[in-house]
Amino acid sequence: MKKQYTVSVFTENKIGLLNRVSIIFTRRHINIQSITASESEVQGIHRYTIVIEENEILVQKVVKQLEKQVDVVKAFYHDNDQLIHQEIALFKVPTNSLAGSGEVEQIIRSFNARILAVHQDFTIIEQTGHKNETQQLFADLQPHGVLEFVRSGRVAITKPMKELKDYLAEVEFASDLQNTKNYTNGKA
Amino acid sequence: MKTEVLEKKRSMTGAEAIVHCLLKENVDTVFGYPGGAIMPFYDALFDFQNDIKHILVRHEQGATHAAQGYARASGKVGVCIATSGPGATNLITGIADAQIDSTPLVCITGQVASKLLGTDAFQETDVVGISMPVTKWNFQVTRAEEIPVALAKAFFIARSGRPGPVLIDITKDAQFGSFEFEYEPCAKVRSYVPEPLVEIEKIKEAAHLINNATRPLVLFGQGVILGDAQEEFKTFIEKAGIPSAWTILGLSALHNGHPLNVGMLGMHGNYGPNLLTNQCDVLIAVGMRFDDRVTGDVNKYAKQAKVIHLEIDPSEINKIITADVAVLGDCKRTLDLLTQEIKQNKHSNWLAQFRKCDDLEYQKVGKQELHPSADKEISMGEVIRIVSDKSKGNAIIVTDVGQHQMVAQRYYEYTKWRSNITSGGLGTMGFALPAAIGAKVGAPERLVIAVIGDGGIQMTIQELGTIFQYGIDVKILLLNNEFLGMVRQWQELFFDRRYSFTEMVNPNFQHLAKAYNIPSYKVEQRKDLEGEIEKFINHRGSYLLEVKVGKENNVFPMVPTGASVSDIRLE
Ligand SMILES: Cc1ncc(C[n+]2csc(CCOP(=O)(O)OP(=O)(O)O)c2C)c(N)n1
């Protein structure tokens with residue numbers, strides 16, 4: 001059964017790597033719903049947060065093929081229950097739509113959104129939340145005129161507690177052939 | 001005489017540095033083709049002709065296949081060189097072939113100067129982008145000082161773990177730039193795990209399954225050869241007494257005459273191992289990846305069996321066939337550990353079932369194919385049988401793709417390790433002629449026979465020029481059925497004999513060979529066959545032997561696409 005999964009890919013910071021990562025999805029005809037790249041808490045390690053809708057078995061195979069890439073340190077997948085995730089949306093509305101009845105301000109308040117900038121002609125509203133929330137705000141604002149709307153890709157933090165640096169240490173240990181050759185019974 | 005290899009730091013150009021990196025990696029041969037963007041390198045190479053043999057191929061695709069043949073015959077990394085743009089794009093087929101067949105290659109391409117990147121400069125092509133899906137790793141160098149580290153990594157990545165092709169694209173200004181050269185071979189890349197850690201628990205679980213199996217079957221692939229695990233593999237199957245069948249890339253990892261060798265898997269494989277895959281109780285896959293040509297319909301594949309998968313690449317586990325026990329690691333090590341845990345065993349009755357299938361297959365297929373009656377046209381099988389006899393199974397057989405490939409692999413009696421070089425995963429027509437050149441260069445003491453169809457030979461026939469120029473002793477066996485035989489066979493069986501564009505009007509191959517000063521002969525009658533094959537094999541130097549074989553002969557057995565392996569057809 002298809003379900004939404006978030007794939008987190010931790011990589012070296014290399015030119016072209018985004019291409020190498022996305023090929024793994026596109027060659028299997030998987031549509032990427034959103035993708036975000038940023039630094040991670042470990043210096044020099046970047047993370048991609050990729051949202052897809054697929055069945056779990058396939059996602060497992062994709063994750064292994066991602067990890068197989070030389071410059072990929074580690075890849076994980078999680079379903080939405082295992083994540084805290086957010087997206088950010090920006091809306092450009094005519095400033096004069098805020099005048100008068102106060103209806104727009106009402107909407108902004110009820111969504112916990114905030115006004116980011118006010119210009120003579122336009123006002124920028126920012127909202128952080130899940131996609132359904134930003135989508136709803138968009139729907140509610142639309143009758144009042146939305147000049148521009150943009151939403152970021154998902155950023156997500158996982159609930160499991162193991163730290164990236166511990167995974168890194170494991171990978172680095174295993175990257176040394178001397179270690180792999182001597183390793184037996186769960187211990188080096 | 002070896003030019004002294006540098007020990008200390010020395011100022012040099014990027015182009016010279018490439019040469020010195022190759023020397024440091026003990027590269028003795030490269031296959032290449034020059035052009036504008038790689039000229040600085042070629043100029044530097046000019047002074048090192050005694051240290052590095054450069055073989056000028058006739059098309060860059062030939063360079064990749066030759067490097068593949070070299071790598072597969074020698075166990076070393078194959079190196080090829082090309083210029084930017086068309087030179088680089090011509091490499092792609094060979095790189096893709098090396099990727100899917102896990103062949104270690106380092107491909108070095110020239111690139112336009114870094115300030116021209118992205119401007120559609122003359123002969124600029126984004127080869128890093130193009131080759132990304134078909135390389136294990138690739139990298140673009142824009143500064144001379146990056147060259148040693150990039151090439152050291154390239155060789156390490158290409159040969160370590162599951163091997164594969166690596167491409168390094170070097171801009172012209174990086175080749176011209178000077179820097180202080182220093183070389184440190186690469187021993188590790190922190191984000192890359194060449195060999196997963198072995199879990200002893202899994203070895204124990206696997207041993208338990210094997211010890212309790214009554215009808216175990218081993219399937220072995222190229223992992224055994226790549227892992228250099230010939231002895232470990234033999235010891236393992238002998239101790240457990242398990243019938244063992246090969247994929248076409250695993251062929252020659254185990255002597256064909258070994259009593260436990262039960263033959264070939266897959267679409268045109270042997271009857272026994274295909275049929276009995278669906279009767280075994282434990283299936284032990286060693287260094288193979290369950291290609292669809294091997295499994296047929298996966299939903300009807302070995303459903304009754306527990307599956308043990310010994311594999312170096314974690315992404316192969318459960319990719320096609322779910323493993324009950326996955327034993328990750330280099331099979332040289334895991335086979336050894338597994339052998340220690342298993343008990344001595346024999347499965348005589350089970351083995352006898354394979355032999356019974358062999359008899360049936362021989363009656364229905366082998367007999368006519370290997371010894372056709374006098375009224376029949378020459379068959380590919382009888383040619384291979386005689387070649388096998390006359391060469392005592394000692395040759396390296398390099399095959400192209402098609403019917404002749406299947407027949408050569410089915411009927412040549414391989415006795416030696418690393419003796420089957422073929423394009424398995426990609427099925428690249430045109431592979432054999434250049435790959436045979438590389439194989440001969442990589443294993444000069446071996447007899448190298450290229451078995452090729454009339455279609456495939458014309459895809460890379462220009463490499464006759466390379467054979468001619470360097471006097472490379474490649475025996476070319478051309479099995480001419482005047483058809484794209486394998487496709488014609490499918491048209492006959494599955495498309496109502498509608499032979500849509502598969503008939504070939506061929507040139508006079510003797511005249512072609514003559515143009516390159518390669519002696520040749522065309523056999524059209526059975527009575528000449530044996531004598532001519534004898535001459536062919538004993539000839540010193542390259543030789544083209546063309547044999548006119550039955551135009552509409554088919555290769556059997558056959559597992560039709562989408563059918564189960566146990567639905568294998570004998571006729
Ligand atoms: C580059 C390439 N193009 C097309 C094919 C499809 N194909 C597979 S086998 C075959 C026929 C090969 O004919 P030939 O070389 O004469 O060998 P035969 O099968 O007759 O032994 C073709 C066209 C291929 N494998 N590779």
- Query: In this structure, are over 12 heavy atoms from other groups packed under 6.0 Å from A:Glu103 atom CD?
  - Reply: no
Ranked by heavy-atom pairs below 4.5 Å to chain B, first place among A:Val73, A:Thr180, A:Thr11 goes to A:Thr180
- Message: Taking NZ in A:Lys14 as the centre, count heavy atoms belonging to other residues, nucleotides or ligands within less than 6.0 Å. Is the count above 12?
- Response: yes
Counting heavy-atom pairs under 4.5 angstrom with chain B, the leader among A:Glu172, A:Arg20, A:Gln69, A:Arg27 is A:Arg20
Discussion item. Any side-chain to backbone donor/acceptor pair from B:Arg190 onto A:Ser175? Under 3.5 Å, distance only.
Written reply: no
So, the part of A:Gln65 with a heavy atom under 4.5 Å from chain B: the answer is both
If one checks every heavy atom of B:Val189 against chain A at 4.5 Å, the contacting part turns out to be both
For A:Asn19 and B:Gly129, the nearest pair of non-hydrogen atoms, with its separation, is ND2-CA, 4.4 Å
Tell me whether the count of non-hydrogen atoms from other residues, nucleotides or ligands lying under 6.0 Å of CD in A:Glu41 goes above 12. yes
Value for OH (B:Tyr192) from NZ (A:Lys68), rounded to nearest 0.5 Å, stands at 10.5 Å
Margin query: Are more than 12 heavy atoms, taken from residues, nucleotides or ligands other than B:Gln340, located less than 6.0 Å from that residue's CD atom?
Written below: yes
So, the part of A:Val70 with a heavy atom under 4.5 Å from chain B: the answer is both
Applying a strict 4.5 Å limit to non-hydrogen atoms, the region of A:Lys181 in contact with chain B is both
Would one find more than 12 heavy atoms of other residues, nucleotides or ligands at under 6.0 Å from atom NE2 of B:His208? no
Honestly, the part of B:Ile157 sitting under 4.5 Å from a heavy atom of chain A is side chain
Check: If you draw a 6.0 Å radius around CD1 in A:Ile157, do more than 12 non-hydrogen atoms from other residues or ligands fall strictly inside?
Finding: no
Rounded to the nearest 0.5 angstrom, the CD1-CD distance for B:Ile317 and A:Gln60 is 13.0 Å
Nearest heavy-atom contact between A:Ala174 and B:Leu197 is CB-CG, 4.2 Å
Open item on the list: Would you say that more than 12 heavy atoms from the other residues, nucleotides or ligands in this model lie under 6.0 Å from the CD of A:Glu53, or not?
Closed with: yes
(message) Counting C-beta onward and ignoring hydrogens, is there a side-chain heavy-atom pair between B:Lys319 and A:Lys64 closer than 4.5 Å?
(response) no
Among residues 132-146 of chain B, residues within the sub-4.5 Å heavy-atom range of chain A, in order of number, are B:Met132, B:Pro133, B:Thr135, B:Lys136, B:Trp137, B:Asn138
Value for CD1 (A:Ile57) from OG1 (B:Thr322), rounded to nearest 0.5 Å, stands at 7.0 Å
Applying a strict 4.5 Å limit to non-hydrogen atoms, the region of B:Ile203 in contact with chain A is neither
